[in-house]
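Here the structure comes first, spelled out in structure tokens, and everything after it is commentary.
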Amino acid sequence: MSLAALTITELRKQLTAGEITPVQIIDDIEKAILANDSEINAYLSYDFDKARAMAANTDLTLPLGGIPIGIKDNINTLGEPCTCASQFLVDSYVSPYDATVITKLKAAGAIPLGRMNMDEFAMGSTTGNSSIKPTNNPHDLERVPGGSSGGSAAAVAANSAIATLGSDTGGSIRQPASHCGIVGLKPSYGRVSRYGLIAFASSLDQIGPCTRSVADAALILNAISGSDEMDSTSLEVETPDFTLNLDEGVAGLKLGIPKEYFTEGMDPAVREVVTTAIDKLKSAGAEIIDISLPHTEYAVATYYIIAPAEASSNLSRFDGIRYGNRAEQSGNLIDLYKDSRSAGFGSEVKRRIILGTYALSSGYDHQYYNKAQKVRTLIRQDFTQAFEKVDAILTPVSPHTAPKHGENSDDPLKEYLEDICTIAANLAGIPGISVPAGKDNSDMPVGLQILGPHLGEEVVLKVAQKLEDII
Ligand code: GLN
């Protein structure tokens, strides 16, 4: 069996027993990429020589010693391209530094290997907004893998990566994990440093793992968590060992089911898989409690004001002067900015910049941005109140399984509404995971989402592990 199809936990056992070497793992990843990535398009680039050179010097006593990890192409890794899947940055930007998560992965012995495809600047939920190439779902090549971390999820599902990092601003780790049938974890806001992540919406972005097992997600979270003086929003809290309590089970835990997440528009097959998974957790000893998160219906509207507003500011640095390919022969400086940005950004990114600029413009800021911030507080309070009654919350990740390519692309609003189950966790800053829960009639994967209180990753992982064991 290809080493590229194993979990970190399995590989670490074989590595420390001296049965395999890190270079053999890299060889098998290369073979898998050559065999299937021309169909899947999970990778934007890779450098096997560099990875092999690192592998030759790995310390196998470290927790991730010898484990190659794919990196979403919006996370800076020294000396590597970091395109955010945007033509604007193709051939014009090579990272001059390591993001803190990369420094930490390297310190834990991991080997960054490969740049994973994504929606341009992480805006989207299909990876179809990549301005380089679309990624295909390994379960059905005619379908999308989800997004924006579609390459990160698809490679793990296609056995062409052991594990990857993604980023999640409104669901971009959990939703592709659900669509590809793997595990995807969004940590609490502030748990993981964002330094070196090219910002989409700074108050919502978090980096997290896409893996083949819950234990692997815990291992990576151990490595990348922790306060960082380079990110003032990273929290000064202790990082527990997230692998320690995984097997505690769910007996006695109170798990909340919010009625607002089981909307009429959801696919009955998704409802059935999710309900069955909830029943199994009940049989495993959890107490299932109906709850309400009354402001859920405003989450999509709130997010699509706040995220574009922050994006319109964050993306101003891509102007052809500081960053990005420069338009030729522009008349003056303003034209140079305009021409470079017009040529560089894809249509979804432009739509977000226009939406955000409008929401922040004088006279409208009260009506939109400030109001959205107030509603965000109400959404956060819904969760605070719910977690007084329950230990964790169970929901679908997405109302539907992976759509076919182009299915929603002519109607951005329809696509935005699909984010209904994932967005509120980012607005509230709480952790969430997607765990494979079953399949629909077309054999497409369905994930169950487990949400926990802020900094409550341990309970989230514990429930996730139980689900993985019994499903
Ligand atoms: N689908 C959402 C969006 O398009 C979330 C993206 C993300 O989490 N990066 O904004």
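Order of appearance sets the numbers: ligands from 1, and atoms from 1 within every ligand. All values below come from the heavy atoms of this structure, side chains included, with hydrogens, waters and symmetry mates left out.
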For ligand 1, which of its N or O atoms have a protein N or O partner closer than 3.5 Å, and how long is each gap?
unit_1, atom_1, unit_2, atom_2, d
ligand 1, 1 (N), Gly124, O, 3.0
ligand 1, 1 (N), Asp419, OD1, 3.4
ligand 1, 1 (N), Asp419, OD2, 3.0
ligand 1, 4 (O), Gly124, N, 2.9
ligand 1, 4 (O), Tyr304, OH, 3.3
ligand 1, 4 (O), Arg352, NH1, 3.4
ligand 1, 4 (O), Arg352, NH2, 2.8
ligand 1, 8 (O), Thr169, N, 2.8
ligand 1, 8 (O), Gly170, N, 2.6
ligand 1, 8 (O), Gly171, N, 3.3
ligand 1, 8 (O), Ser172, N, 3.1
ligand 1, 8 (O), Ser172, OG, 2.6
ligand 1, 9 (N), Ala122, O, 2.8
ligand 1, 9 (N), Ser148, OG, 3.4
ligand 1, 9 (N), Thr169, OG1, 3.4
ligand 1, 9 (N), Ser172, OG, 2.7
ligand 1, 10 (O), Tyr303, OH, 2.6
ligand 1, 10 (O), Arg352, NH1, 2.9

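Between Arg352 and Glu348 there is a salt bridge, since a side-chain N of the basic residue sits under 4.0 Å from a carboxylate O of the acidic one.
Inspection of the Ser167 and Lys72 side chains reveals an N or O donor paired with an N or O acceptor under 3.5 Å.
Considering only residues two or more places apart in sequence or on other chains, Asp216 meets the salt bridge (Lys or Arg N to Asp or Glu O under 4.0 Å) condition with none of them. Under the side chain to side chain contact (heavy atoms under 4.5 Å, CB included) criterion, Tyr303 pairs with Thr169, Phe200, Leu204, Ala307, Ile423, Leu427, sequence neighbours left out. With sequence neighbours excluded, the residues that form a side chain to side chain contact (heavy atoms under 4.5 Å, CB included) with Ser442 are Arg143, Asp440, Met444.
Aromatic pair Phe121/Phe318: ring centres closer than 6.0 Å.
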